[in-house]
Amino acid sequence: MRPDILNPLFAEVDTLDGVGPKLKKPLDRLGLGRVRDVAYHLPDRFVARRAVQDLDEAAEGEQIVITLTPTEHRGPRNPGRGPHRVLAQDAIGNICALTYFGRAAYSAKKQLPVGEQRWVAGKLERYGDVLQIVHPDHVLEEGGESLQRLCEPVYALAEGLTQPKVGNLAQQSLAILPDLPEWIEPSQFEKEQWPQWSDALKLAHKSENAPARDRLAYDELLANSLALMLVRADNRQRRGRALVGDGSRRGRLQLPFPLTGAQTRSIAEIEQDLAHEAPMLRLLQGDVGAGKTVVALEAMLVAVEAGAQAALLAPTEILARQHFETLRSMAAPTGVEIALLTGRDKGKARESILIGLLDGSIDLVIGTHALFQDSVGYKDLGLVVIDEQHRFGVAQRLMLARKGKSTPHTLAMTATPIPRTLTLAQYGEMDVSRLDELPPGRQAIDTRVVGQDRLAEVVEGIGRHIGKGNQAYWVCPMVRENETDDIAAAEARYAALKERFGDTVVMVHGQLEPGLKDAAMARFANGEAMLLVATTVIEVGVDVPAATLMVIEQAERFGLAQLHQLRGRVGRGSEKSVCLLLRGEALSETGKKRLALMRETQDGFRIAEEDLELRGGGELLGTRQSGDTPFRVADLEQIQRLLPVAHDDARLLVERDGGLSSPRGEAARILLYLFERDYGVQLLRGG
Ligand code: ADP
Ligand code: MG
């Protein structure tokens with residue numbers, strides 16, 4: 001049970017003033033379902049404003065607060081096209097235009113009546129010979145309290161939300177923060193001179209405050225490490241069952257290729273672990289395309305030979321389906337019974353799979369989270385393989401494996417998302433097998449960075465490529481904060497490409513109806529469709545070796561680890577593959593270097609490490625790319641710096657107070673609940 005002291009934080013977000021059904025949706029899209037989430041929705045950056053008497057005092061490009069008096073409203077020349085401009089005068093007669101696009105013009109008419117003075121806050125720019133402020137951040141009759149705050153937070157938004165609205169919710173959530181006991185080790189706390197928890201949150205919303213941000217990041221990292229330690233400690237005490245195979249199934253496999261040395265070695269390591277009673281906790285680490293799937297298959301066949309069942313958990317529906325197809329055809333000669341179970345399966349089909357799992361007639365099951373719902377029971381689940389996607393906490397996934405009488409063995413697979421230096425801290429003390437060798441015959445992917453202005457040429461190139469009977473991907477960015485816009489852009493690109501190339505173009509994205517998604521993927525996988533337009537849903541694991549060209553739009557908006565994963569979708573066969581990174585015009589120096597790095601190397605380790613270096617220091621706030629780490633508060637640089645400390649701290653705590661019963665242990669329990677790593681606490685009870 002969650003400690004009562006946290007209840008106000010875990011209340012639904014609509015308990016805050018002014019949140020009705022209408023706001024709930026955009027808030028959900030940002031992952032802000034509860035008061036706690038709002039409190040942890042930290043500003044992306046801050047704008048510092050300067051109050052000026054008149055426009056002469058202000059510089060172009062500066063964020064200012066100024067009193068202005070509207071003199072004239074100028075609508076667009078053609079109704080519905082172009083901006084609405086409000087001309088306004090400062091104290092000494094300088095003119096400035098307040099410019100509004102689209103529907104914002106309506107509010108401008110209301111807020112800025114001619115002849116009445118207003119306080120206006122926004123960024124002063126020059127447009128031709130006129131000074132202007134486009135979409136002022138604030139227009140107020142009185143220089144109220146919000147204008148006195150000259151340093152303003154800027155939050156990530158979703159459609160339907162505004163900065164003042166999110167700011168207001170954040171303030172409401174901060175007003176009800178409980179007093180929590182300190183969980184950070186006293187000497188660490190002392191040394192860093194961090195603020196205590198509730199102060200840290202308040203400070204982090206107020207201004208760029210490094211100690212406050214660090215403390216909050218540290219909390220998250222500590223919670224994660226601690227949960228991992230508890231799972232590990234618990235695992236040591238558990239009994240599993242030894243699985244020894246006789247080779248009868250594996251002997252019948254007819255793989256179309258010889259295994260690499262690294263694959264053979266990893267399989268041997270896994271086989272050894274399985275032969276022990278202590279449940280295996282092993283991580284299989286291997287870059288994209290290294291061939292993890294077949295290692296998983298061999299491991300699962302060992303389990304079946306020993307009379308047990310095995311389950312493979314995939315992070316997405318698409319991937320589960322694809323694994324199912326691949327494994328079913330690879331394993332056909334072995335005679336094992338394989339099933340697919342996802343959240344989408346309903347009715348009779350689902351019933352018969354559930355029965356098969358219970359009576360043991362199904363040997364291997366592939367699926368999504370649905371595999372571990374309460375309604376799913378197994379006759380004898382001996383091995384769980386987690387096709388790990390790095391964004392999820394490992395420990396949480398490990399907990400999924402706690403089904404059945406004895407603890408199953410667990411193999412987690414990951415495509416090296418994070419620098420080597422962090423592996424230990426991230427994965428705790430799991431045993432690691434490395435696939436450090438790619439299958440032979442792979443050719444380097446020819447990666448080029450191309451300006452968005454050459455789009456037409458790129459489309460021509462695609463035309464030639466598919467004209468020759470080759471397949472290609474076209475990837476559009478998809479960032480949670482901009483979800484609606486991004487989907488719209490992807491749909492528009494799809495429509496344009498379809499107009500050009502016809503029915504051979506298909507599309508998948510996260511909001512597509514599942515049936516349509518499957519149909520599109522299936523047509524692409526079996527070679528009926530030649531061009532797949534997709535958002536990042538294809539990032540994980542999709543395997544269509546005949547696709548040898550990938551175009552990635554707005555490549556600068558992706559995390560490098562993510563680009564690396566995406567690019568790994570091509571270069572899977574022996575044909576030469578090409579990856580075109582389309583970049584926008586305005587690209588920072590760092591942005592350029594990051595894309596250049598992609599061109600230069602295909603080594604996932606190196607990319608992760610150098611990306612960290614490129615992004616480290618200076619460019620901290622506002623550079624967070626989605627999908628690179630499993631953490632929401634801590635950014636890459638903080639992970640690098642603070643995770644090793646948090647890891648050691650967590651280990652010490654568990655060594656000294658494994659039951660978390662000392663005062664600090666009690667505080668640490670609260671921390672685990674706060675970050676929803678409380679499965680760690682449940683282990684303490686369940687024993
Ligand atoms: P990942 O490690 O990214 O999950 P996959 O298991 O999807 O990689 O394998 C990538 C591709 O390489 C697949 O098409 C697979 O059939 C092929 N492959 C795997 N092992 C070998 C091997 N030893 N030799 C040649 N091809 C292989
Ligand atoms: Mg894979």
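Both ligands and their constituent atoms are indexed starting at 1 by order of listing. As a basis for the values below, the full set of heavy atoms in this structure was taken, side chains included, without hydrogen atoms, waters or symmetry mates. The shown structure was predicted, so the numbers you read here are calculated from the model rather than taken from an experiment.
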| task | Using a 4.0 Å heavy-atom threshold (strictly under), name the region of Thr293 that reaches ligand 1: side chain, backbone, both or neither. | result | both

| said: Is it true that, when you exclude Lys593 itself, more than 12 heavy atoms of the residues, nucleotides or ligands shown sit nearer than 6.0 Å to its NZ? | reply: no

| Enumerated ligand 1 atoms positioned under 4.0 Å from heavy atoms of Pro258 | 22 (C), 23 (N), 24 (N)

| message | For Thr601 and Asp603, which I'm curious about, is there any donor-acceptor pair between the side chains at under 3.5 Å? | response | no

| said: Does anything in residues 252-265 form a salt bridge (charged side-chain N to carboxylate O under 4.0 Å, His left out)? List the pairs, not counting sequence neighbours. | reply: Arg265-Asp436

| query | What pairs meet the salt bridge (charged side-chain N to carboxylate O under 4.0 Å, His left out) rule with one or both residues in residues 289-308, with sequence neighbours excluded? | reply | Arg250-Glu305

| task | Go through ligand 1 atom by atom and flag the ones less than 4.0 Å from a non-hydrogen atom of Thr260. | result | 23 (N)

| field | Option whose closest heavy atom lies nearest to atom 3 (O) of ligand 1, chosen from Gly571, Ala262, Gly289, Pro256 | value | Gly289

| task | Just let me know how Gln263 lines up against ligand 1, side chain, backbone, both or neither, with a heavy-atom cut-off below 4.0 Å. | result | side chain

| field | Any side-chain donor near an acceptor of the partner, His323 and Asp387, under 3.5 Å | value | yes

| Contact check: Phe257 vs ligand 1, nitrogen or oxygen atoms, below 3.5 angstrom | no

